[in-house]
A.B. asks: 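Once you've had a glance at the structure underneath, I'll fire off some questions.
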Amino acid sequence: MKLNFYILKSSLVGALGGLLFGFDTAVIAGTTHALTETFRLTPGQLGLTVSIALWGTVLGAMTSGIWRTDRIS
């Protein structure tokens, strides 16, 4: 089986996306204490805040390809 450039490039982009999502998760986990103290968040509010940030990264990753393909054509 021959490995073509498109499959290799897609695999690398997917791997980098997973790496960046994990990095973002670690950064958010490091700020939860400061968020709780600064904004006096309850555990439920903190959970909502963290989930909104993570959903933002998911939506950003999903829609970034749309903007890129519009520039090419």
Side-chain angles (χ1 to χ4, degrees):
M1 177 191 292
K2 184 178 176 182
L3 182 67
N4 65 18
F5 182 70
Y6 181 75
I7 293 174
L8 181 64
K9 185 178 171 182
S10 298
S11 300
L12 288 173
V13 169
L16 284 174
L19 175 74
L20 291 174
F21 186 77
F23 178 74
D24 187 51
T25 304
V27 168
I28 291 171
T31 63
T32 55
H33 183 69
L35 281 172
T36 303
E37 286 185 356
T38 303
F39 298 106
R40 300 174 194 250
L41 299 175
T42 65
Q45 291 170 330
L46 179 63
L48 181 65
T49 304
V50 169
S51 70
I52 287 171
L54 291 176
W55 278 110
T57 61
V58 170
L59 290 174
M62 290 171 54
T63 58
S64 64
I66 294 171
W67 302 113
R68 181 66 185 151
T69 56
D70 287 345
R71 287 185 184 176
I72 293 171
S73 55

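Values below: all heavy atoms of this structure, side chains included; hydrogens, waters and symmetry mates excluded. Note that the structure is a prediction, hence the values are computed from the model and not measured.
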A.B. asks: Would you give the length of the straight line joining atom CG of L12 to atom CG of L19, rounded to the nearest 0.5 angstrom?
C.D. replies: 12.0 Å
A.B. asks: Using 0.5 Å steps for rounding, measure from the CD1 atom of I52 to the CD1 atom of I28.
C.D. replies: 11.0 Å
A.B. asks: Measure the spacing between CG of L46 and OG1 of T31 and express it to the nearest 0.5 Å.
C.D. replies: 8.5 Å
A.B. asks: Do you reckon L41 sits in the same ILVMFWY cluster as L54, going by side-chain contacts under 4.5 Å, direct or chained?
C.D. replies: yes
A.B. asks: Would the distance check show the side chain of T32 and the main-chain N or O of A29 forming a donor-acceptor pair, the cut-off being under 3.5 Å?
C.D. replies: yes
A.B. asks: Indicate if L16 and Y6 have the same hydrophobic cluster label, given that clusters are the connected sets of ILVMFWY residues with side-chain heavy-atom separations under 4.5 angstrom.
C.D. replies: no
A.B. asks: Looking only at heavy atoms, which two atoms of R40 and Q45 are closest? And how far apart?
C.D. replies: O-OE1, 4.0 Å
